[in-house]
Amino acid sequence: MKLKEDFFHRDCLEVAPDLIGKVLVRVLDDASEIRVRITETESYRGEEDTACHASKGRTPRTEILYGDSGKIYVYLCYGIHWLMNVVTGENEFPQAVLFRCGERFNGPAKLTKALEIDKSFNGESFIENERIWIEDDGYVAKIKTAPRVGINYATEEYRVKQWRFIDKNLK
DNA sequence: TTAGTGATATCC
DNA sequence: GATATCACTAAA
C-alpha cells in the first residue's frame with residue numbers, strides 16, 4: 001500500500017519513526033525497480049531547530065520545506081553527496097525527515113547513490129509519483145532513538161534531542 | 001585523519 | 001564577484 005499525503009501531513013516527529021520499516025520504491029530509467037526498507041531517519045523541525053536548514057530563515061533553497069507535505073527535498077552536501085528528505089506537516093511550518101539509512105545501505109549518500117537520486121528529484125513528490133514512492137508492507141519496526149549526527153553547528157539544546165530514529169531489529 | 005567537491009549564503 | 005560553510009565518503 002502506497003503512503004498517501006495523510007501520512008506525511010503530520011508533525012515530523014510522528015512521521016519520522018513511522019517511516020522506519022516502510023519500503024522505499026524507486027523505478028529507474030530502465031524500468032528496473034529497487035526496493036529498500038528504511039532503517040534510519042532524522043527529523044528537522046522548524047526555524048527554531050538550529051540543525052534545520054530553515055533555521056536561518058526562508059531562502060530559495062529552503063522554500064520547499066515551507067511547502068506541501070510529501071514533497072522531496074534533495075540537496076547537495078559537501079559538493080559530492082545527495083541527501084534526500086521528505087517534507088512533512090503543515091504549510092508555512094518548515095520541517096522535514098531525512099532518509100539517513102536503508103537496509104543494505106549505511107549512510108545517506110550511499111542510499112541516494114544506489115537509488116540514483118539527484119537534484120532532478122528536488123521538488124518532486126512521493127505521492128502519485130511514477131519514479132519513486134513509499135509503501136507500507138505491514139512490517140512493524142522496533143524503534144530506538146538517538147541524538148542526530150553531523151550537526152555540530154547546532155546549539156546544545158538541539159544537539160541533544162533524540163530526533164534520530166533507528167530500527168532496533170536491524171543493526 | 002584528511003582530501004575531495006560544488007551549491008548556497010553571506011560578505012564585499 | 002569572492003569566500004566560507006557544509007545533515008559525507010573513501011582512502012590511508
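Chain letters run A, B, ... following the sequence lines, proteins first, then strands; residues in each count from 1. Any value given below was found using the heavy atoms of this structure, including those in side chains, with hydrogens, waters and symmetry copies removed. Just so it is clear, the model here is predicted, and its values are computed rather than measured.
Within the 4.0 angstrom heavy-atom criterion, no nucleotide atom of any strand lies near A:A154. Residue contacts shown for A:R100 are limited to sugar-phosphate atoms, with no base heavy atom under 4.0 Å away. Backbone-only contact: A:K110 has heavy atoms under 4.0 Å from sugar-phosphate atoms and none from a base.
With A:W163 as the fixed residue, the side-chain contact (heavy atoms from CB on, under 4.5 Å) test singles out one of A:S43, A:C12, A:P17: A:S43.
The nucleotide whose nearest atom lies closest to any side-chain atom of A:Y78 is, among C:dC8, B:dT8, B:dG6, C:dC8. Nearest to the side chain of A:I80, among B:dT10, B:dT5, C:dC8, sits B:dT5.
Heavy atoms from other residues, nucleotides or ligands lying under 6.0 Å from CD of A:E33 number more than 12.
Rounded to an integer number of Å, the gap from A:N122 CG to B:dT8 C1' is 13 Å. Whole-Å rounding puts the A:L76 CG to C:dT5 P distance at 18 Å. Taking atom CD on A:E42 and atom C1' on C:dC8, their separation rounds to 12 Å, with Å as the unit. Computed from coordinates, the A:Y73 OH to B:dA7 C1' distance equals 10 Å when rounded to whole Å. B:dT8 atom C1' lies 15 Å from atom CD of A:E63, rounded to whole Å. Rounded to whole Å, the distance from OH on A:Y75 to P on C:dC6 is 11 Å. Rounding to whole angstrom units, NZ of residue A:K56 and C1' of C:dC6 are separated by 9 Å. Here the P atom of nucleotide B:dT5 and the NE2 atom of A:H81 are 11 Å apart, to the nearest Å.
Contact of the A:L19 side chain with the A:F165 side chain is not registered, since no non-hydrogen atoms from C-beta on lie closer than 4.5 Å. Side-chain contact between A:E157 and A:T50 is absent, with no heavy-atom pair separated by less than 4.5 Å.
Inspection of the A:Q95 and A:T88 side chains reveals an N or O donor paired with an N or O acceptor under 3.5 Å.
Both A:V97 and A:F105 are members of a single hydrophobic cluster when ILVMFWY side chains are connected at heavy-atom separations under 4.5 Å.
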Margin query: As a check on the pairing definition, encode DNA chain C in dot-bracket form, counting Watson-Crick and G-U wobble pairs whose two distances are under 3.5 Å, and using | for partners outside this strand.
Written below: ||||||.||||.
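Taking the ring centroids of A:Y75 and A:Y44, they lie at or beyond the 6.0 Å cut-off.
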